[in-house]
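Notes for the one structure printed next.
Atoms within a ligand are numbered from 1 in the order they appear, just like the ligands themselves.
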Amino acid sequence: MSNVKSHIESVKDEIQRRDPDQSEFQEAVFTVLDSLAPVLEAHPEYIKANLLSRLVEPERAIQFRVPWQDDEGQFHVNRGFRVQFNSAIGPYKGGLRLHPTVNLSVVKFLGFEQILKNSLTGLPIGGAKGGSDFDPKGKSDSEVMRFCQSFMTELQRHIGPDLDVPAGDIGVGGREIGYLFGAYKRLRGYQNGVLTGKGLTFGGSLARTEATGYGLLYYTNALVKAQGDTLTGKRIKISGSGNVATYAVQKATELGAKVITVSDSNGYIYDPKGIDYKVVQQIKEVERGRIKEYADRVASAEYHGGSVWDFDVDYDIALPCATQNEINKDQAKLIVKDGVKYICEGANMPSYPDAIAVYQDSNILYGPAKAANAGGVAVSALEMSQNSERLSWSFETVDNRLQDIMEDIFEKSEAADKKYQLDKNYQAGANIAGFEKVATAMMAQGLI
Ligand code: NDP
């Protein structure tokens with residue numbers, strides 16, 4: 001085994017020894033480490049400085065109790081997390097997730113991915129992530145508010161506009177950010193740069209709601225164009241029906257493609273005439289309903305139970321926008337069989353490693369999450385800039401910046417792919433491009 005390979009294996013062994021039960025964290029880190037081999041060949045000083053071992057260890061991982069009371073007066077306790085992973089290139093930045101599956105492994109995988117994603121945006125932000133195993137589904141507004149207030153009672157000690165700036169993720173949208181912001185303000189005073197994804201009346205940025213979905217399509221468009229192809233007329237399968245999926249449907253349709261599916265954790269909608277994002281938005285954002293209701297409102301649509309990735313239909317582009325590990329190896333084989341040419345990830349780590357191996361053994365071009373879904377955090381960073389300036393930019397200004405950032409991310413990933421002769425491996429290209437900036441910053445700052 002080469003020196004580089006054995007070094008990478010020793011870093012993996014150490015993670016396995018220390019955190020044997022953190023399967024999501026291991027999955028995210030091992031995929032990145034494997035793709036960094038060519039960079040370590042070119043930079044033996046990174047091995048000498050034990051840079052990888054430092055990169056995979058969070059600067060800080062905070063876990064706390066979140067007690068709250070439901071509308072019937074019952075007491076509950078959830079677990080809260082904030083993992084401040086890496087501040088080499090800027091203050092910690094990353095979302096908060098509220099979902100029953102949240103645990104330290106999930107938060108660490110998301111925080112680790114966030115380091116390289118944030119680096120790829122070209123903006124000065126470090127990597128973090130947080131959340132709780134609280135399930136907002138079926139809870140009243142008052143229950144969600146009380147939970148958010150209790151969560152912030154502890155989190156406020158650890159965050160700040162120049163220290164750590166949380167945002168939304170699964171289960172955390174405008175409503176939750178509003179409650180969290182209100183709670184922070186009562187405890188620490190008005191500092192509007194402390195959270196992003198805020199309402200437009202109190203320091204939020206135009207286009208933040210749309211940013212991840214739009215950004216995904218700007219990235220996909222850049223990837224497709226680089227192959228001399230176009231989005232016009234392409235049939236697209238999207239999973240999920242939350243924030244990312246909704247605005248991915250809107251932008252894909254605007255760019256001339258036809259989205260034929262959306263889903264939730266119970267089932268999926270198939271509409272061969274093309275999904276109407278306004279109906280999804282009404283059901284999910286306004287009424288907080290289930291995607292099943294789409295079929296009651298649109299005559300050409302059918303609802304089916306189960307995973308959208310088991311649905312056998314010919315199409316051109318897959319955009320998973322729901323959650324981690326939603327596509328397994330067999331489902332990846334179906335994606336290949338159904339004639340898909342491109343897969344770009346709106347969700348974080350939606351494909352198992354053996355599913356990615358299936359894409360890479362086929363002719364599918366694969367745009368990984370940390371590049372393709374960086375639009376949300378990019379516009380969050382633009383929200384921070386607007387808060388610092390005490391100004392609000394127009395929708396067009398933010399949207400144009402977002403488009404430039406997403407095209408730049410594709411170009412950086414492609415340049416790294418070419419530099420290391422990886423043969424259109426945009427996953428490795430994104431990992432390398434994101435890593436190089438963080439590595440340079442860490443080396444310059446001494447033993448951190
Ligand atoms: P939302 O909470 O708005 O929506 C999540 C969607 O995914 C819902 O349709 C939900 O269905 C579905 N989903 C969640 N868990 C599962 C599951 N286990 N199986 C099947 N479907 C599931 O979240 P977002 O749209 O904000 O986030 C979606 C993904 O995008 C996540 O991976 C997130 O980390 C990533 N992301 C989000 C960003 C953002 O700006 N919001 C930025 C970058 C990445 P159900 O209602 O049934 O749970």
With ring-ring contact (aromatic ring centres under 6.0 Å, His included) as the test, pick out the partner of Phe151 among Phe64, Tyr184, Phe81.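 Among Phe64, Tyr184, Phe81, the one meeting ring-ring contact (aromatic ring centres under 6.0 Å, His included) with Phe151 is Phe64.
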Between atom SG of Cys344 and atom OH of Tyr426, what is the distance when rounded to the nearest 0.5 Å? 10.0 Å
Taking [atom1] in [X] as the centre, count heavy atoms belonging to other residues, nucleotides or ligands within less than 6.0 Å. Is the count above 12?
X	atom1	value
Lys337	NZ	yes
Asp162	CG	no
Lys292	NZ	no
Tyr352	OH	no
Arg54	CZ	yes

Please could you name the atoms of ligand 1 that [X] approaches to less than 4.0 Å, counting only its heavy atoms?
X	answer
Ser241	9 (O)
Gly240	9 (O)
Arg97	31 (C), 32 (O), 33 (C), 34 (O)
Ala347	29 (C), 30 (O), 32 (O), 35 (C)
His99	15 (N)
Arg208	40 (O)

Is there at least one pair of N or O atoms, one from [X] and one from ligand 1, spaced under 3.5 Å apart?
X	value
Gln324	no
Val244	yes
Lys117	no
Asn243	yes

Polar contact flag, side-chain donor to acceptor under 3.5 angstrom, [X]-[Y]:
X	Y	value
Glu24	Ser105	yes
Lys117	Asn348	yes
Tyr214	Gln250	yes
Gln74	Asp70	no

Is the shortest distance from atom 38 (C) of ligand 1 to a protein heavy atom below 4.0 Å? yes
Assess Lys185 against Tyr190: is NZ or CZ under 6.0 Å from the centre of the six-membered ring, and within 45 degrees of the ring's axis? no
Among Lys234, Lys341, Arg235, whose salt bridge (Lys or Arg N to Asp or Glu O under 4.0 Å) with Asp316 holds? Lys341
Nearest to [atom], what protein heavy atom do you find, and at what distance?
atom	result
atom 16 (C) of ligand 1	Thr323 CG2, 3.5 Å
atom 27 (O) of ligand 1	Ile170 CG1, 3.6 Å
atom 32 (O) of ligand 1	Asn348 N, 3.1 Å
atom 29 (C) of ligand 1	Ala322 O, 3.2 Å
atom 48 (O) of ligand 1	Lys137 NZ, 2.9 Å
atom 34 (O) of ligand 1	Asp169 OD1, 2.6 Å
atom 46 (O) of ligand 1	Arg290 NH1, 3.0 Å
atom 40 (O) of ligand 1	Thr212 OG1, 2.7 Å

Below 4.0 Å from any atom of ligand 1, is there a heavy atom belonging to Ser263?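 Ser263 counts as a contact of ligand 1 under the 4.0 Å cut-off.
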For ligand 1, is there an atom lying under 4.0 Å from some heavy atom of Met349?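 Not so, Met349 does not reach ligand 1.
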Could you see which bit of Gln114 sits under 4.0 Å from ligand 1, with heavy atoms only: side chain, backbone, both or neither? neither
Tell me the contacting part of Lys284 for ligand 1: side chain, backbone, both, or neither, using a 4.0 Å heavy-atom threshold, strictly below.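 Under 4.0 Å from ligand 1, Lys284 contributes side-chain atoms alone.
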Using 30° and 60° as the class limits, which term best fits the ring planes of Tyr359 and Tyr366: parallel, tilted or perpendicular? tilted
Between Arg290 and Glu293, is there a side-chain N and carboxylate O pair less than 4.0 Å apart? no
Closest by any non-hydrogen atom to atom 2 (O) of ligand 1: pick that one out of Cys321, Gly168, Gly171, Ala369. Gly171
Taking atom 19 (N) of ligand 1 as the point of reference, which of Ser265, Gly346, Gly289 owns the nearest heavy atom? Ser265
